[in-house]
S.K.: 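The structure that follows is given in the form of structure tokens.
Lettering of chains follows the sequences in order, A, B, ..., and the numbering in each one begins at 1. These figures come from a predicted structure and were not determined experimentally.
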Amino acid sequence: MIDIKLIREQREYVKKEMEKLFVSVPIDEIFELDESKRKLLYDSECLRNTRKTLSKEIASEKDAEIISAKKEEVKKTNEIIKIQEEELNAIEERLNSLMLNVPNLPGPDVPVGKDETGNTAVSYFNEKKKFDFEPKTHYEIGEKRDLIDFERGVKISGTRFYILKKGLAKLQRSLINFMLDIHTNFHDYEEIYPPFMVNEGCLVGTGQLPKFSDNLYKDLESGMWFVPTAEVPVTNMYRDEVFAIDRLPVKHAAYTACFRKERLSAGKDTKGIKRGHQFDKVELVKITTPETAKEELSSLIADAQDILNRLDIPHRLVRICTGDLSFTASEKFDIEVFAPGINEWLEVSSCSNFGSFQARRANIKFKRDKNSKAEFVSTLNGSGLALPRVMISIIENYQTEDGYIKIPDALKPYFATEEFI
RNA sequence: GGAGAGAUGGCCGAGCGGUUUAAGGCGGCGGUCUUGAAAACCGUUGAUGCUUAAAACAUCCGGGGGUUCGAAUCCCUCUCUCUCCGCCA
């Protein structure tokens with residue numbers, strides 16, 4: 001949520017910023033609702049004050065006639081208060097629901113662009129592999145070598161589910177361990193194993209709800225939601241909490257399965273393991289002061305890239321423009337790996353600075369010192385990394401001509417004596 | 001799943017219809033004393049909204065609703081926690 005004061009005090013500026021996102025946001029309606037809310041609030045406070053005063057007078061009054069006269073007066077006041085409060089509640093409800101659907105403001109350095117064509121490739125890392133044969137796709141190799149079972153995945157669960165087998169199942173497991181080990185041993189993240197199901201407030205807190213319920217799984221009986229990313233449980237750990245400044249930055253690395261309906265992507269990326277309803281991910285989450293958020297974003301990106309460097313996977317860093325920013329992000333960089341088989345750049349990480357957007361929704365604050373006022377923290381996160389697409393890039397980059405997969409050196413400690421899968 | 005108990009400011013804890021504008025303690029902060037520290041003593045110390053700021057005012061005793069002139073206090077309901085029993089990887 002953005003600060004309503006910005007709309008109150010700098011309405012035209014907010015409108016201009018929203019234009020950069022190429023979305024329409026009812027800023028004027030919000031402004032007017034806020035105005036009427038404050039007016040009503042003031043009126044109703046005055047009436048409450050009257051009631052309070054009268055009630056106290058009744059308590060100390062002896063004369064029965066005066067008492068009943070004052071009681072009448074309070075009753076009348078209450079009737080007005082009731083009407084006003086109903087109106088106030090309706091306005092607040094409307095205002096709140098509009099505010100929850102207002103996207104974050106783009107950061108000052110974010111390039112303006114309408115959609116992903118406005119993104120800029122910031123830089124490239126690690127050489128593309130050279131093949132003296134035509135590299136196969138991961139799904140060809142997976143099926144041919146009986147390492148991925150797409151048919152039975154669909155049989156037991158449905159479309160967009162697959163089964164990893166043998167060496168590939170182990171490769172994924174070793175990658176999860178490898179990523180967590182690197183982040184906790186070398187990048188100073190604290191490991192978290194969170195629940196994979198959360199209550200509704202968490203999804204509102206990190207911004208998936210109310211706008212994106214279409215993409216989420218929910219258990220109707222309990223009202224619990226399946227996490228679409230570890231960002232949700234890990235950030236919400238600190239809902240309604242106030243940090244002492246010396247506890248910041250908080251740096252967490254968490255593995256979870258992630259569950260997404262992918263309805264908006266129906267028909268897209270249906271081949272292979274690129275986009276499933278369930279996938280594994282190691283997520284990096286940071287909670288910082290506003291002034292350090294920017295440099296913490298840079299180091300978070302570097303931490304995610306370090307995984308790819310250690311695996312020697314060609315990748316590039318893409319700066320996301322205003323029109324392609326996610327709803328909650330003020331600034332975002334994607335890391336994309338190259339997969340020579342399907343010949344695509346694949347997003348394996350989205351690293352975002354949310355500023356105070358999530359903190360305001362989830363009510364996460366910090367104090368600069370004991371006596372100062374609590375301020376909203378900045379939250380950041382990025383994948384470190386998403387497993388299926390790293391798997392694709394390893395399968396396709398490390399393939400041999402006869403369909404085997406060479407195990408990257410960095411992962412050798414997680415295997416026995418094997419050299420190939 | 002069954003039975004019972006409970007949820008009050010950073011923490012502990014009193015309050016059970018009207019000087020609660022929430023007692024008292026701990027912790028925090030400031031001061032006195034001291035060479036310094038501790039102890040002791042004195043003072044101070046919640047959040048949110050409105051406000052340029054402060055003051056004032058209002059709201060907040062787990063959430064929501066109700067009774068009443070008046071609710072932390074009574075009633076209903078939901079959520080969560082604890083204890084005992086049952087079931088269980």
S.K.: What's the closest nucleotide to the side chain of A/I58 if the choices are B/U59, B/G18, B/G49?
M.R.: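 Comparing B/U59, B/G18, B/G49 against the side chain of A/I58, the answer is B/G18.
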S.K.: Considering Watson-Crick and G-U wobble pairs with both distances under 3.5 Å, what does B/C60 pair with?
M.R.: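 Answer to the pairing question: B/G46, which forms a Watson-Crick or G-U pair with B/C60.
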S.K.: According to the interplanar angle, ranging from 0 to 90°, do the rings of A/Y193 and A/F196 count as parallel (below 30°), tilted (30 to 60°) or perpendicular (above 60°)?
M.R.: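 Rings of A/Y193 and A/F196: tilted, as their planes differ by 30° to 60°.
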S.K.: Let me know the distance between CG of A/N89 and P of B/G64, rounded to the nearest Å.
M.R.: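 Computing the A/N89:CG to B/G64:P distance gives 11 Å.
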S.K.: Taking atom P in both B/G24 and B/C80, what distance in whole Å separates the two?
M.R.: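 Here B/G24 and B/C80 have their P atoms 36 Å from each other.
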S.K.: Using atom P of each nucleotide, how far apart are B/C16 and B/G31 to the nearest Å?
M.R.: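 Those two atoms are separated by 39 Å.
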S.K.: Counting only N and O atoms by type, is there a donor-acceptor contact under 3.5 Å from the side chain of A/R260 to the main-chain atoms of A/F279?
M.R.: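 Here the side-chain-to-backbone pair does not exist.
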S.K.: Does A/D34 or A/A59 map to a spot on RNA chain B nearer the 5' end, using the closest nucleotide for each?
M.R.: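 The answer here is A/A59.
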S.K.: Consider the side chain of A/K52, meaning its heavy atoms from C-beta on, and name the nucleotide among B/C69, B/U59, B/G49 that approaches it most closely.
M.R.: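 Ranking B/C69, B/U59, B/G49 by closest atom to the A/K52 side chain puts B/U59 first.
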S.K.: If you count heavy atoms of other groups shown closer than 6.0 angstrom to NZ of A/K406, is the number above 12?
M.R.: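 Count over threshold, so yes.
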S.K.: What nucleotide among B/U59, B/C57, B/G70 has an atom nearest to a side-chain atom of A/N78?
M.R.: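 The answer is B/G70, which lies nearest to the side chain.
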S.K.: Any luck finding a side-chain donor-acceptor pair between A/K271 and A/T137 under 3.5 Å?
M.R.: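 No - no donor-acceptor pair under 3.5 Å links their side chains.
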S.K.: Ignoring backbone atoms, establish whether A/N49 has a side-chain N or O less than 4.0 Å from OP1 or OP2 of B/A58.
M.R.: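 Answer is yes, contact under 4.0 Å.
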S.K.: Considering every strand and a 4.0 Å limit on heavy-atom distances, what is the contact class for A/I67: base, sugar-phosphate, or nothing?
M.R.: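 No contact.
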S.K.: For the CD atom on A/E241, are there more than 12 heavy atoms of other groups (residues, nucleotides or ligands in this structure) within a distance under 6.0 Å?
M.R.: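 Yes, CD of A/E241 has more than 12 neighbouring heavy atoms, counting only those of other groups under 6.0 Å.
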S.K.: Rounded to the nearest angstrom, tell me the gap between atom CZ in A/R360 and atom C1' in B/A47.
M.R.: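 To the nearest whole Å, that distance equals 17 Å.
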S.K.: Which pairs, protein N/O on one side and nucleotides 51-53 of chain B N/O on the other, fall under 3.5 Å?
M.R.:
| residue | atom | partner | partner atom | Å |
| --- | --- | --- | --- | --- |
| B/U51 | OP1 | A/R38 | NH2 | 2.7 |

S.K.: Please check if atom NZ in A/K367 has more than 12 non-hydrogen atoms from other residues, nucleotides or ligands closer than 6.0 Å.
M.R.: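 Correct, the count exceeds 12.
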S.K.: Please compare A/R48 and A/K71 by the position of their nearest nucleotide in RNA chain B and report the one closer to 5'.
M.R.: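 The residue closer to the strand's 5' end, by nearest nucleotide, is A/R48.
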S.K.: Quick check on B/G28: is either OP1 or OP2 less than 4.0 Å from any side-chain nitrogen or oxygen of A/K367?
M.R.: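 No, no such contact exists.
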S.K.: Does B/C80 pair with anything, Watson-Crick or G-U wobble, both distances under 3.5 Å, and if so, with which nucleotide?
M.R.: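 By the stated definition (distances under 3.5 Å), B/G6 pairs with B/C80.
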S.K.: Contact class for A/K70 (heavy atom, under 4.0 Å): base, sugar-phosphate, or nothing?
M.R.: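 Since no nucleic acid heavy atom lies under 4.0 Å of A/K70, the category is nothing.
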S.K.: For the side chain of A/T400 and the backbone of A/Y404, is there at least one donor-acceptor N/O pair under 3.5 Å apart?
M.R.: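 At least one qualifying donor-acceptor pair exists.
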S.K.: If you look at every strand shown and take non-hydrogen atoms under 4.0 Å, does A/K39 touch a base, only sugar-phosphate, or nothing?
M.R.: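 No contact at all - A/K39 keeps every heavy atom at 4.0 Å or more from the nucleic acid.
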S.K.: Using the C1' atom in both, what is the distance from B/U44 to B/G49, to the nearest Å?
M.R.: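 B/U44 and B/G49 have their C1' atoms separated by 25 Å.
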S.K.: Looking only at atom types and distance, does a side-chain atom of A/S68 sit under 3.5 Å from a main-chain N or O of A/E65, one as donor and one as acceptor?
M.R.: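 Present.
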S.K.: I need the CG-P distance between A/L88 and B/U59, as an integer number of Å.
M.R.: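 Going from A/L88 (CG) to B/U59 (P), I get 13 Å.
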S.K.: Atom CD1 of A/I81 and atom P of B/C69: how far apart are they, to the nearest Å?
M.R.: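 Roughly 14 Å, once rounded to whole Å.
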S.K.: Taking atom C1' in both B/G13 and B/G63, what distance in whole Å separates the two?
M.R.: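 Here B/G13 and B/G63 have their C1' atoms 23 Å from each other.
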S.K.: Over how many whole Å does the gap from A/E73 atom CD to B/G70 atom P extend?
M.R.: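 From A/E73 CD to B/G70 P: 13 Å.
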S.K.: Does CZ in A/R8 sit with more than 12 non-hydrogen atoms of other residues, nucleotides or ligands closer than 6.0 Å?
M.R.: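 Yes.
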S.K.: Can you check the distance between B/C82 and B/U32, where both ends of the measurement are the P atom (answer in whole Å)?
M.R.: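 Taking atom P in both B/C82 and B/U32, they lie 47 Å apart.
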S.K.: Quick one: look up who B/G17 pairs with, Watson-Crick or G-U, both distances under 3.5 Å, and put none if it's unpaired.
M.R.: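 Result: none.
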S.K.: Determine which nucleotide pairs with B/C11, using a 3.5 Å limit on both distances of a Watson-Crick or G-U wobble pair.
M.R.: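 When the pairing criteria are applied, B/G25 turns out to be the nucleotide that pairs with B/C11.
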S.K.: With both distances under 3.5 Å as the test, what is the Watson-Crick or G-U wobble partner of B/A71?
M.R.: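 Base partner found: none.
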